[in-house]
2 protein chains.
Amino acid sequence: MSITGCTDLIEALSSASTVDELHTVCSRLCEDYGFERFIYGSRIPTSFVKPYFIFISGYPKAWRDHYTERNYMIVDPTVVYCAENITPMLWDRRSVLHDPTPEVQRFMSEAQDFGISSGISFPVHSAQGDFAMLSLASELQVINRPMIDQVLPVGQLFTAYLHEAVRRVFDSDVLPLTRVELTQREKECLLWVTEGKTNWETSRILNISERTVVFHLQNIQTKLGVSNRHQAVARAVAQGFIQPQFTQ
Amino acid sequence: MSITGCTDLIEALSSASTVDELHTVCSRLCEDYGFERFIYGSRIPTSFVKPYFIFISGYPKAWRDHYTERNYMIVDPTVVYCAENITPMLWDRRSVLHDPTPEVQRFMSEAQDFGISSGISFPVHSAQGDFAMLSLASELQVINRPMIDQVLPVGQLFTAYLHEAVRRVFDSDVLPLTRVELTQREKECLLWVTEGKTNWETSRILNISERTVVFHLQNIQTKLGVSNRHQAVARAVAQGFIQPQFTQ
DNA sequence: TCTTCAACTGTAAGATCTTACAGTTACGCA
DNA sequence: TGCGTAACTGTAAGATCTTACAGTTGAAGA
């Protein structure tokens, strides 16, 4: 597969409108670059305690069920790595086991029983707080280096487009929660809350009455459907409604 | 440049320990893929009102100075795009001008006067709230499609490694602010705050006294150096100290 | 054994937020 | 002219947070 071979894969992602189509494109990526299995997963910060998860699985169903049942997401070293990092992770039993927690050891061993022995995982983090990752897996005991060098750049790009496509496909269905419009003034008020200012301090900064600051923050709470200011701050920051400023 | 040609660039990033070395590697990327100029920029969420910026510029100094003086970051369409998106942006005067704000029009025109006419920009967002981007620019009026197809996958991967390297190089110097260790219990308390729970509610959930909840949240405020709970929530969420849970 | 540290607890005054009441003003658009 | 909407304002009771005081307990490591 040449470097330009990914262009049509990405176009296929952009034109996909169903999960099945996305699944097909991921399968094609696998074939093109010599992997047997893939799995895509993402976590949308609709809540901190119970976020929204999306999976597109090309893994054996039995393994997926086992994984879910045991809540392996908090053990899986690829998830742990990708949740914190921005560059791909190469993994096989040996390379992961330099940090051999018994649980991780067991996890890797069980995965291998399902034909998932080595592979590469690509993390993506979005400005809207989404965390997504794509893993490509192989039955080979040890990672095949030339294979990796081929897929490394393509996979990173592909995963970004894949997640973008997933958001597009799923947004209309299930995620109106993450599509809230805050007015300019509302964002300004919330911004100063994140800087630790009180209502009164914010009112002096924006040159409005303290009551008006409260008014805007009340509207934000209603829009976001949250019960107090702390939750509003957490949601707004996590979902990127307010971002650090660009004024130096 | 073949697809595997990026491996040594990435290795060079990983072993770099100074800004100059990083600058050199970026210049090599430019040469290898047929661009004349590059600029890397990142925004670290040390604060929402005054975040920390890092730049590695291969742009003409006169243009950089002009850009900074006019505070063009909030006008620059590549910055606006990359701050919100995860996939690369192709740009030239024509493609940007389908949305011709007078300010943007002026901006693009001025950039062209400095030999920056078209190019590609790669966004990166990290779990720690960093926003980074790398732009590769060309004097060509219109984007050269084959050139783009070559650099697209490599650029996305390169930018991730570049930002990782930048964090490594800069962390020891200037960013102890973003390296705070919260204990397990502290994170738990803060997690429930982000869910809108009061001290009393959190105390019932964690089965500890209300006073202890306050105690942990006080310690968090001290550690993060913030003045109240709202700011603590904003900082902790923005910098990824607390993340949405992985329990489904 | 001594030290350190995470985790834990109580009381109370004062600051701040939350929510309820009830409005006005300015602008764009049909 | 009427409608919708962003932005704005005042008062006040009660809930909640913040900060000050002053501690205990248990586990790990020097």
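The sequence lines fix the lettering, A, B, ..., with proteins before strands; numbering per chain opens at 1.
Ring centroids of B:Trp91 and B:Phe122 are separated by 6.0 Å or more, keeping the two rings apart.
D:dT9 atom P lies 8 Å from atom CG of A:Asn207, rounded to whole Å. Between the NE2 atom of A:His216 and the P atom of D:dG10 there is a distance of 13 Å, given to the nearest Å. At whole-Å resolution of the value, CZ in B:Arg211 and C1' in C:dT9 are 7 Å apart. Whole-Å rounding puts the A:Trp200 CH2 to D:dT11 P distance at 17 Å. As rounded to whole Å, 11 Å separates atom P of C:dG10 from atom CD1 of B:Ile208. In this entry the distance linking NE2 of A:His230 with P of C:dC17 reads 9 Å, nearest Å. Taking atom CG on B:Asn199 and atom P on C:dC17, their separation rounds to 15 Å, with Å as the unit. Look at CG on B:Leu190: it is 14 Å from P on C:dA7, rounded to the nearest Å.
Across all strands, B:Ser209 comes closer than 4.0 Å only to sugar-phosphate atoms, never to a base (heavy-atom distances). In this structure, B:Gln218 reaches the bases: a heavy-atom distance under 4.0 Å links it to at least one base atom across the strands shown. Nucleic acid contact class of B:Asn219 (heavy atoms, under 4.0 Å, all strands): none. Using a 4.0 Å heavy-atom criterion, one finds that B:Thr198 contacts the sugar-phosphate atoms exclusively. Among the atoms of the strands shown, only primed sugar atoms or phosphate atoms (P, OP1, OP2) are found under 4.0 Å from some heavy atom of A:Ser227.
Between B:Asp130 and the options B:His125, B:Gln239, B:Arg43, B:His163, a side-chain hydrogen bond (donor to acceptor under 3.5 Å, both in side chains) holds for only B:His163.
Residue-to-nucleotide contacts include no donor-acceptor pair under 3.5 Å from the side chain of A:Arg229 to the base of C:dT18.
Each of A:Glu210 and B:Phe215 was assigned the nucleotide of DNA chain C with the nearest heavy atom; the assignment lying further toward the 5' end belongs to B:Phe215. Nearest-nucleotide assignment on DNA chain C puts the 5′-proximal partner with B:Arg185, out of B:Arg185 and B:Asn228.
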Handout entry: Annotated protein contacts, base or backbone, on nucleotides 24-30 of chain D with a non-hydrogen cut-off under 4.0 Å, one of B, S, - each
Key = -------
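Of all the heavy atoms in B:Arg167 and B:Ile44, the pair that sits closest is NH1-CG2, 3.6 Å. Taking all atoms of both residues into account, the shortest heavy-atom contact from B:Ala127 to A:Ala83 is CB-O, 3.1 Å.
Rounding to the nearest 0.5 Å gives a distance of 6.0 Å between CD1 of A:Ile242 and CG of A:Leu191.
No side-chain donor-acceptor contact under 3.5 Å links B:Glu201 to the backbone of B:Val193. Put simply, the side chain of A:Gln156 never gets that close to the backbone of A:Val124: no donor and acceptor are under 3.5 Å apart.
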